[in-house]
2 protein chains.
Amino acid sequence: MADNATGSDSLLFLTDEQLRKGIEAMFFAYRGFTADPDRILEGMDYGRAHHRAIHFIHRAPGMTVSSLLGILGVTKQSLNRVLRTLFDDGLVEARVGKTDKRERRLHLTDKGAALERALSDAQRARMRAAYRAAGPQAVHGFRTVLEAMMDPEMRRQYQGLREDTP
Amino acid sequence: MADNATGSDSLLFLTDEQLRKGIEAMFFAYRGFTADPDRILEGMDYGRAHHRAIHFIHRAPGMTVSSLLGILGVTKQSLNRVLRTLFDDGLVEARVGKTDKRERRLHLTDKGAALERALSDAQRARMRAAYRAAGPQAVHGFRTVLEAMMDPEMRRQYQGLREDTP
DNA sequence: AAACTACGTCAGCCTTGTTGACATTCTAAA
DNA sequence: TTTAGAATGTCAACAAGGCTGACGTAGTTT
């Protein structure tokens, strides 16, 4: 439990009203969270789904299609539609697995990495501004609560990603 | 700025790596955030869009269509499709404005309030568990960072809603 | 050889967003 | 008192990005 620093561990932070505020904060903040990348993407032929794929391929290069599927939590048909355009446009390339040739190991091309940078620069800029305004203590709390909100399976994905090159 | 409680206001919390963790935390946590209501809704003819409308009508009864439009940030055509089904199914009713008869003041019916309760009970349960696990300090930080992430306009919506009955 | 796995693909459907155009009713201003 | 504008509803068409179901092709494992 927390360290009761205020002296009033009054549980007032668990009232329905406080919870409602938290719920709405998630709703409004998520809009801000996606707004900047969305603005960059619009006009291109891409959307938020492409952003997510690019993000996670960048994060763990060499990731297989099925592990990306697991992280994104969509069907392979849905992901495939996205990946196909990324292949066709030369943003992502798939290399046949070394030990298991059925696997497609996903990597960003230079072009893909450039777009990734543009998107994540925009998203990080907002995040950085928010972090800076809130301070390190708040950031720690922010992360703690978000982690506690995740489904256990997602929490594993969140914590467990590593360089996916065996 | 923050109160530098740790003695090391090292700005290490602003590294790209820390920001990336925050970004992914938002992504995974938002999935958990919507999962429970989505489960309730599926099988009914409703979706997340209906949930949002119901939530905000509950929160500020008597709200006009255009202010709901402003909060949700969608087009009137899109909202109308949702509202129409809610009217037809008797979850929401529209009362003509007293002073301005062009306005439709939105209210939940008993049936609508019942669904709202089911949805928000589920969503609050997860939120409450997360809050309790994280503790009051963390919750405060959570809210602080989320607020700082919002667009200014959305922040006003977040802070400014009041009983919308003039 | 048979079974299973990883991946791709076709086809069709749904929700929820978008634009554009237009109609109605009511308010407010000239 | 017209007239402009605001609040709302609605029709049509389209797009993104989810979904299911079915099927095919490599490659692996048993």
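Side-chain atoms are counted along with the backbone in the values below, which use heavy atoms only and exclude waters and symmetry mates. Chain A is the first sequence line, chain B the second, and so forth, proteins listed ahead of strands; every chain is numbered from 1.
Taking 4.0 Å as the cut-off between side-chain N and carboxylate O, A:Glu24 and A:Arg20 count as a salt-bridged pair. Ion pair B:Asp151/A:Arg31 not flagged as a salt bridge, since none of the NZ, NE, NH1 or NH2 atoms sits closer than 4.0 Å to an Asp/Glu carboxylate oxygen.
The shortest distance between the side-chain N/O atoms of A:Thr64 and the OP1/OP2 oxygens of C:dA6 is not below 4.0 Å. Side-chain nitrogen and oxygen atoms of B:Arg52 include at least one within less than 4.0 Å of the OP1 or OP2 phosphate oxygen of C:dG17.
Taking the six-membered ring for Trp and thresholds of 30 and 60 degrees, B:Tyr46 and B:His50 have ring planes inclined between 30 and 60 degrees apart. The aromatic rings of A:Phe142 and B:Phe142 lie parallel to each other, their planes meeting at an angle below 30°, with 60° marking the opposite boundary.
The nucleotide whose nearest atom lies closest to any side-chain atom of A:Asn80 is, among C:dA21, C:dT16, C:dT9, C:dT9.
Taking every nucleotide of DNA chain D with any atom under 4.0 Å from a non-hydrogen atom of chain A, the first and last of them, 5' to 3', are D:dG17 to D:dT28.
When the side chains of ILVMFWY residues are joined at heavy-atom separations under 4.5 Å, either directly or via intervening members, A:Met44 and A:Val92 end up in a single hydrophobic cluster.
Nearest-nucleotide mapping onto DNA chain C: of B:Lys101 and B:His50, the residue sitting toward the 5' end is B:His50. Along DNA chain D, the nucleotide nearest to B:Arg81 and the one nearest to B:Arg102 differ in position, and the one closer to the 5' end is contacted by B:Arg102. Nearest-nucleotide positions on DNA chain C place A:Asp100 closer to the 5' end than the other of A:Asp100 and A:Gln77.
The distance from atom CG of A:Leu79 to atom C1' of C:dT9 is 13 Å, rounded to the nearest whole Å. Distance A:Arg105 CZ to C:dA6 P: 12 Å, rounded to the nearest Å.
At a threshold of 4.0 angstrom between heavy atoms, the contacts of A:Arg84 are confined to the sugar-phosphate backbone, with no base atom among them.
Applying ring-ring contact (aromatic ring centres under 6.0 Å, His included) to A:Phe27 and the options B:Tyr30, B:Phe33, B:Phe56 leaves one that passes, B:Phe56.
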